[in-house]
Amino acid sequence: MADVKKVKGGAFLLEETEPSGVFTPEDFTEEQKMIAKTTEEFIKNQVWPVLEKIEQHEFEHTVKLLKEAGELGLLGADVPEKYEGLGLDKISSSLITEKMSLGRSFGLSHGAHVGIGTLPIVFFGNEEQKKKYLPDLATGRKIAAYALTEPSSGSDALGAKTTAKLSDCGKYYILNGEKQWITNSGFADVFVVYAKVDGDKFSAFIVERDFPGVSVGPEEKKMGIKGSSTRTLILEDAKVPVENLLGEIGKGHKIAFNILNIGRYKLAVGTLGSAKRAIEISAQYANQRKQFNIPIAKFGLIREKIANMAIKTYALESLAYRIAGQFDAGLEGVEDAEGSVVANAIGEYALECSVAKVFGSEVLDYVVDEGVQIHGGYGFMSEYEIENMYRDSRINRIFEGTNEINRLLIPVTLMRKAMKGELPLFQAAQQLQEEILTYMPYMPEEDAPVLDAEKRYVENAKKIFLMIAGLAALKYGDDIKREQEVVRDISDIVIETFAMESALLRTLKAIAKNGEAKEQAKIDLCRAFIYESMQRVDAFARHALAAMEEGDTLRTQLSMLKKFTRIEPLNEVAIKRAIAKRVLDAEKYVV
Amino acid sequence: MNILVCLKQTFDTEEKITLENGRINEEGVEFVINPYDEYAVEEAIKLKEQFGGEVTVITIGPERAEQALRTAMAMGADKGVIVDIEDLGDNVDEHTIAQVLAATIKEEDLAFDIILCGYMAIDDGSAQVGPRLAELLEIPHISTITKLTIDGNKVTVDKDVEGDVEVIESTLPILVTAQQGLNEPRYPSLPGIMKAKKKPLTRLELDDLDLDEEEIVAKTETIEVFLPPKKQAGKILQGELVDQAKELVHLLRNEAKVI
């Protein structure tokens with residue numbers, strides 16, 4: 001880990017990052033691989049045989065399996081050793097999350113428990129609270145849940161109506177309200193609940209299921225992830241001891257937003273595991289299924305789908321572990337870190353977490369959609385795993401902050417960092433203005449090293465970001481909040497840029513280690529991704545420019561944009577056939 | 001109780017075998033503990049949990065095989081020994097392996113009450129190394145066991161004999177080889193994985209052992225390595241039953257040439 005460079009969140013847009021400075025899946029240690037393997041085998045051998053029953057709401061299996069996972073240490077990765085956890089690095093913790101996603105609904109139950117359920121106490125609990133709750137949560141003796149959403153407050157989380165009032169004796173807070181769509185609520189023992197003290201001070205509480213006045217509603221009927229328990233949490237004069245106030249009164253938003261950061265990141269890692277699984281079963285199906293007497297895997301249009309699925313997944317995998325590496329670099333040297341230190345180190349990468357959440361959930365939706373298509377009519381049948389995955393995938397674009405909310409957050413986060421002087425965003429935009437007039441479009445040289453063009457494209461994507469964001473800031477100033485469509489365009493450019501750069505840096509790092517000949521698979525995936533990504537960046541930028549300018553000014557801006565978006569043609573048919581062949585030969589996602 | 005386990009790192013059972021220049025291609029392949037050896041490791045750990053003592057895992061192989069030992073140690077084995085015999089090149093067969101194992105046990109002064117092996121490796125499938133090692137150490141051996149009970153010095157095993165069970169009694173010290181059904185190997189737990197990193201591992205080379213190279217080189221020679229022929233599409237006979245039977249006899253005689 002020592003060589004991963006500590007960087008500021010969002011800085012990738014303004015700085016050049018060296019391949020050696022990022023963590024890549026090729027850097028996993030033997031221990032990390034073993035942890036991944038234990039998780040995968042646990043899911044395949046223990047969870048898969050009862051998954052159908054879990055989908056039928058037989059939650060006794062979920063509870064039993066969570067306890068078994070606890071015995072293996074699979075619940076304690078993010079809990080310090082002091083409280084019976086393992087205090088593992090974030091790469092290991094990410095690998096657990098990735099592999100857990102193979103358990104579909106069970107993976108979600110696990111994720112809700114170790115993530116949004118347990119982490120608020122890890123990060124913001126006081127010593128007594130940690131001692132009281134964490135050992136049970138880290139080992140699976142108790143299961144946790146997280147209760148933020150209410151019927152009338154989803155994205156507007158701080159608009160919660162649940163109230164907390166100090167009792168006359170001063171020993172309890174009396175909570176009243178209803179929380180909605182609470183994962184694990186059917187069996188959770190401990191809930192982190194948000195309520196407003198005296199009706200206006202947003203605060204968090206640790207609420208036990210057995211406290212008087214606490215009850216849950218019936219199971220919801222859902223489109224997907226049917227095997228996760230989702231109910232309302234009803235608080236009717238619920239008596240919560242004052243010592244169960246989590247953090248400070250009125251500072252609940254701090255907890256909520258920090259937990260959302262890590263939740264978004266973990267969600268992205270989960271989508272990665274699911275995307276790999278969808279590729280695996282789709283490749284297997286394509287090889288087995290014959291039409292016109294030949295396996296459909298031989299057809300160009302099926303191969304192209306397999307390739308597209310792998311290309312996007314490669315970018316997702318690259319960016320997810322790059323972020324985990326940044327978390328660990330940020331935490332390096334902090335022994336037995338206080339929870340709040342960890343929360344801050346992760347909060348530094350709030351922007352990257354949003355990027356990962358949006359990108360991951362959309363990659364997975366794309367991958368399962370094409371997976372169903374490859375399966376044809378069978379993909380529409382419930383006996384086929386891909387049908388289940390298709391339905392399960394959809395929620396990812398909605399929970400942990402809708403993708404729309406996250407897209408709006410990305411530029412806001414950048415602006416905030418720029419205003420605080422943490423990122424020299426304005427200076428960079430200024431500099432671009434001077435550079436732009438004399439800028440010469442990239443022309444490939446004869447003997448340029450591999451991926452030299454792609455490196456230039458990524459640099460140009462950053463320039464495009466500065467150009468559009470700079471123009472928007474100038475044009476709208478503080479009113480930019482009302483221009484959600486343009487803000488979204490800027491966000492999408494940021495997302496594509498981070499994905500492209502992550503894929504590029506990973507590929508370059510692998511080439512530096514093993515040479516070009518051995519890394520052809522990664523090179524193909526990287527080039528194919530960047531080629532398409534740059535065209536998307538172009539479209540976003542044009543969309544934004546046309547909304548901001550008109551007439552000759554627009555034409556001038558578009559011609560400047562053209563200098564940055566110029567890319568060499570790529571024989572996508574050939575490169576995608578090569579990519580698909582590797583995946584179909586191995587019958588799984590391979591790099 | 002001093003327990004030794006001999007294990008081999010093999011291809012993951014799900015790996016596809018491909019050949020390159022007449023050799024099995026190892027590029028990008030995932031390796032695991034030979035599944036039968038994994039039963040041996042699990043049984044060893046169970047014995048330790050029952051009687052106390054120490055489990056030592058031994059393997060012969062290149063550097064990558066260390067990972068198999070680490071996995072066994074993550075499951076609960078206490079220490080590992082790896083012997084690199086790459087100097088011998090292809091001059092290695094079951095005879096060689098048994099000799100090197102015996103010499104390692106001697107060189108490292110590894111005391112043992114019981115030695116456990118998998119009954120065979122899923123790659124070569126020879127099922128010879130365990131019995132050969134027992135012969136060299138001059139101790140009894142029982143192969144393909146599915147149940148093991150130790151009481152004092154007395155050893156009782158269920159032995160799988162082509163689907164039937166033979167119950168055999170013997171005494172320590174003994175070497176037994178594990179058949180499927182002996183137990184359900186545990187997963188390396190996360191705390192186990194973290195601890196395994198710190199457990200002692202001894203690396204030996206051929207030169208470290210008191211062996212005469214000429215005596216241990218392979219007694220067999222591999223002439224050729226090839227993949228099994230691809231499965232052909234089946235043929236479904238049609239028409240009257242009498243005609244089908246005639247056609248079948250004809251095909252068996254002339255095409256398959258089995259009668």
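The shown structure was predicted, so the numbers you read here are calculated from the model rather than taken from an experiment. Numbered from 1 within each chain, the chains take letters A, B, ... in sequence-line order.
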Item checked: From A:L72 atom CG to B:L190 atom CG, the distance as rounded to the nearest 0.5 Å -> 7.5 Å

Check: Side chain, backbone, both or neither: which part of A:K33 has a non-hydrogen atom closer than 4.5 Å to chain B?
Finding: neither

Notebook entry, point to check: Side chain, backbone, both or neither: which part of A:L86 has a non-hydrogen atom closer than 4.5 Å to chain B?
Noted result: side chain

Next item on the list: Return the minimal non-hydrogen interatomic distance between A:G73 and B:P191, and the atom names on each side.
Entry: CA-CD, 4.2 Å

Note to self: Within this structure, what is the CD1-CD distance for the pair B:I193 and A:E30, rounded to the nearest 0.5 Å?
What the structure shows: 11.0 Å

Next item on the list: Determine which residues belonging to residues 34-45 of chain B lie within contact range of chain A, meaning some heavy atom pair is under 4.5 Å apart, and list them by number or answer 'none'.
Entry: none

Next item on the list: Using a heavy-atom cutoff of under 4.5 Å, enumerate the residues of residues 272-284 of chain A that contact chain B, numbered in order, or state 'none'.
Entry: none

Margin query: With a 6.0 Å cut-off (strictly less than), is the heavy-atom count around NZ of B:K199, excluding the residue itself, greater than 12?
Written below: yes

Checklist line | A:Q520 atom CD, over 12 foreign heavy atoms within 6.0 Å | finding: yes

Check: Going from OH on B:Y187 to OG1 on A:T39, what distance comes out if it is rounded to the nearest 0.5 angstrom?
Finding: 10.5 Å

Checklist line | Any donor-acceptor N/O pair, A:T38 side chain to B:P188 backbone, under 3.5 Å | finding: yes

Item checked: Contacting moiety of B:K16, where chain A heavy atoms sit under 4.5 Å -> side chain

Check: At a heavy-atom separation under 4.5 Å, does A:E40 approach chain B through its side chain, its backbone, both, or neither?
Finding: neither

Check: When you look at NZ of A:K44, are more than 12 heavy atoms from neighbouring residues, nucleotides or ligands closer to it than 6.0 Å?
Finding: yes

Check: Do any pairs count as a side-chain hydrogen bond (donor to acceptor under 3.5 Å, both in side chains) and have a residue in residues 582-591 of chain A, sequence neighbours left out, and if so which ones?
Finding: A:N287-A:E587, A:E317-A:Y589, A:D524-A:R582, A:K581-A:D585

Check: Within a reach of under 6.0 Å around CG of B:D90, are more than 12 heavy atoms found that belong to other residues, nucleotides or ligands?
Finding: no

Item checked: Residues of residues 56-77 of chain B near chain A, each having a heavy atom less than 4.5 Å away -> B:Q67, B:R70, B:T71, B:A74

Next item on the list: Return yes when atom CZ of B:R186 has more than 12 non-hydrogen atoms of other residues, nucleotides or ligands closer than 6.0 Å, and no otherwise.
Entry: yes

Check: Does B:I24 CD1 have over 12 foreign heavy atoms under 6.0 Å away?
Finding: no

